[in-house]
4 protein chains.
Amino acid sequence: MGDKVYSEKQIAIFNAIIELMKNGINPYSIKVSDIAEAAGIGKGTIYDYFNSKEEAISEAILYSVAKEIEYGYSRIKSQDSFKEKFYELLYMIAEKSADNVSTFNMLLSIGEISKLYEFLLDEKYDLSEYVYMANQIIKHILKAGIEEGIISTTESIPYQIIVTNSLIMGFSQYIRQKDLYPHVSLEETIEMCYKAVVKVLN
Amino acid sequence: MGDKVYSEKQIAIFNAIIELMKNGINPYSIKVSDIAEAAGIGKGTIYDYFNSKEEAISEAILYSVAKEIEYGYSRIKSQDSFKEKFYELLYMIAEKSADNVSTFNMLLSIGEISKLYEFLLDEKYDLSEYVYMANQIIKHILKAGIEEGIISTTESIPYQIIVTNSLIMGFSQYIRQKDLYPHVSLEETIEMCYKAVVKVLN
Amino acid sequence: MGDKVYSEKQIAIFNAIIELMKNGINPYSIKVSDIAEAAGIGKGTIYDYFNSKEEAISEAILYSVAKEIEYGYSRIKSQDSFKEKFYELLYMIAEKSADNVSTFNMLLSIGEISKLYEFLLDEKYDLSEYVYMANQIIKHILKAGIEEGIISTTESIPYQIIVTNSLIMGFSQYIRQKDLYPHVSLEETIEMCYKAVVKVLN
Amino acid sequence: MGDKVYSEKQIAIFNAIIELMKNGINPYSIKVSDIAEAAGIGKGTIYDYFNSKEEAISEAILYSVAKEIEYGYSRIKSQDSFKEKFYELLYMIAEKSADNVSTFNMLLSIGEISKLYEFLLDEKYDLSEYVYMANQIIKHILKAGIEEGIISTTESIPYQIIVTNSLIMGFSQYIRQKDLYPHVSLEETIEMCYKAVVKVLN
DNA sequence: GATGAATGAGACTTCATTCAT
DNA sequence: GATGAATGAAGTCTCATTCAT
């Protein structure tokens, strides 16, 4: 994680691609000329750093996921209690939900990345590292809950992870469909989610 | 729902598109010639029934979602108890998880359809009907749970729906990433999910 | 002239094509489906009577030209004096100038028909008959002028025809560009044209 | 007039289109691949300089008309007397009559350009400038005739223009149908035309 | 005889990629 | 190293023509 070194130009290209996606452009609809313009470089330059448009987009997505996972993990680690850590995660998800393509969300459902962009299925991209990291974050949060006695050790670790993951993903969906369900505030939703996790795992 | 009438040819085109998507072809990557070949018709024929490729694909997706929702609802209704209804839903999700694009999954996160295919954002496609139906299914299942005394009425309806929805979506994700988490069987996962819902809403 | 016999259906097709052209549709832009709809028949029927769209349109144009020449000739013959005959011709041209494609105008410049529709260049279409007829009309009018002593016999017949033809074509252009030159009335223009012919040939 | 600046590539494309038209290809029948081949460029390049095939052809026609009007005007201006100017115009028309589509002829009947290619009717193309220029040329020639006392000032300017225009157009038609009227030489026809103008307007 | 649903050749256009500058 | 003009493969879509009914 984070062991890959990218040149300044590559990072400019990544940021351009991520910006386009956040603005609602589907990765399949992104044109090389869009990327070049957004990055403030010539079209040809992209091919000096990547072998194809698909490679550039694929690596941009992975770069973004990695960065967001690291950033998220650090923010969560900086919190002290189980409740604070859990709330921090949900707040981050809510913050990112404005982005049309939140790579942060993928943190929770890495397997879905390839639904976003089929070229990520290529075997040259190893997603397992990200799955591992995402699990680590959940484990880290749960560990705090267990230490604080909020979460019991009766249930198996996989059970705890699956259930927690589910509720977080459910929260994420809910937030993104806010316009479909306008009656409940963000605060209330976060409280509901926390309450449900505690109840299920206490 | 189901009030739209399609000609035989249109349905053949829909089935061809759905088949392609189930085989893992991204809607953005589908070519008109693919559809024609899969439907066993000429390319031009598609334009006798739809104004553009995008329209054909958009309507195919909606057709599939509508059909699956109806089919799923009927299967769930045919079950007698809360547990049977809930299990039936999870079994269906598991069955469909082999399809690369399970429109059934969209039942649970209709808002995500437009992430699958941006052209569905066009205002001529009204997705609210599907959102409503999806909610109806969850309500129908929960109602059985309440009547059987398995689910308490302490919590608000929105809370119950959000939490149930979350856990089902979480289950769906889990199933689809089976290869990433090979240690737990399908049966066990279904049981876990049911157990969690009961615990959180009892 | 007029010795070709057409079936009712063929004439319906001709009329449909002529109608479309009068409504401003360029012969190159006419579609078989347009013709069928305008004629109130099925597309396939057109191919029962013509070998191709081009043949149908080509023959429709020639049919229209022949009909208009005959009609024009008869109207001019029915007039008694040189001036009446000449005015009758100009009136007819003015009447037809509303038609986007006046086949009547072609009477005067048959050679231009093939500019209208290149397929008329095919050697199977003999336009010389029409050229002959157009010349006959001019000769007929001039003959009256000579008999009445309005036109002198000093100049050669070709000279008389060329000059008369030129002035008539000029009139026709002028009428069709009425919106570009709005200051002169139709009556005045007709008078000018007549006056010029008389002056040049007296 | 002549104030539009075109790139070298655009002019190459214009020349290719004009060449095709001079070779007898109807503008409606011109294919993008024809243009590309004739211009010695790739098909895609055309779309770097024009938004559509129709735009390229429309602008090519206008470019050609503008260039020919300017060229023609300069040639006529360089002549000293009325007769020389008039003869120069008729010679030019005769020279150009070999071109299947003489944009020079349009100089005399600009309103007909849109009959040649309907896309020129688009309001983004302003043809009035060309109409004005064409009139200027006729006025310039007539002015010389008046100054030399060959043309009287008895008749109104519009009358003079209409009649002159008509006789020139008539000449142009005649020349182009040379094969239909083989008995009169070019020299004789030019003389006839000049003689008629002088007689009508003296 | 008449039809119009179906076809597929062929046109227009886009855009990823190259390469001379 | 960087560029963007140029390319042409490949895709969408149209429409003349066919042929089963």
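Below, chains carry the letters A, B, ... as their sequence lines are ordered, and counting in each starts from 1.
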Distance in angstrom units between C:Phe119 CZ and F:dA16 C1', rounded = 12 Å
So, B:Glu59 side chain and B:Glu55 main chain: donor-acceptor pair closer than 3.5 Å or not?
-> no
Separation of E:dG4 P from B:Tyr49 OH (nearest whole Å) | 13 Å
Set of residues satisfying side chain to side chain contact (heavy atoms under 4.5 Å, CB included) with respect to D:Lys31, sequence neighbours excluded | D:Ser33, D:Asp34
A:Ile41 near the nucleic acid: base, sugar-phosphate alone, or nothing, with a heavy-atom cut-off under 4.0 Å?
-> sugar-phosphate
Between atom CD1 of D:Ile30 and atom CD1 of D:Ile17, what is the distance when rounded to the nearest 0.5 Å?
-> 6.5 Å
Describe the nucleic acid contact of D:Phe50 in one word from base, sugar-phosphate, nothing, applying a heavy-atom distance below 4.0 Å.
-> nothing
Protein-proximity profile, nucleotides 12-21 of chain E, B/S/- by nucleotide at the 4.0 Å heavy-atom cutoff, equals SBBSSBB---
Do C:Ser58 and C:Tyr125 pass the side-chain contact (heavy atoms from CB on, under 4.5 Å) test, and can you show the C-alpha distance, the side-chain angles, and the key distance before you say yes or no?
-> CA-CA 8 Å; C:Ser58 296; C:Tyr125 302 119; 3.6 Å; yes
Distance, rounded to the nearest Å, where C:Asp34 contributes CG and F:dT14 contributes P | 14 Å
Mind checking side chain to side chain contact (heavy atoms under 4.5 Å, CB included) for B:Tyr47 and listing every partner two or more places apart, or none if nothing turns up?
-> B:Val32, B:Lys53
For C:Ile11, side chain to side chain contact (heavy atoms under 4.5 Å, CB included) partners two or more places apart | C:Tyr6, C:Asn15, C:Tyr63
Listed range with range, the stems formed with DNA chain F by at least 3 consecutive Watson-Crick or G-U pairs (under 3.5 Å) are E:2-21 with F:2-21
Starting at OH of B:Tyr28 and ending at P of F:dT12, how long is that distance when rounded to a whole Å?
-> 14 Å
Keeping the roles fixed (side chain from C:Tyr28, backbone from C:Glu118), state whether a donor-acceptor pair exists under 3.5 Å.
-> yes
Value rounded to 0.5 Å, distance of CD1 in A:Ile57 from CZ in A:Phe14 | 11.5 Å
Sequence neighbours excluded, which residues qualify as side chain to side chain contact (heavy atoms under 4.5 Å, CB included) partners of C:Glu37?
-> none
Whole angstrom value for the distance that separates P of F:dG1 from CD of A:Gln10 = 12 Å
Starting at CD1 of A:Ile46 and ending at C1' of F:dG1, how long is that distance when rounded to a whole Å?
-> 15 Å
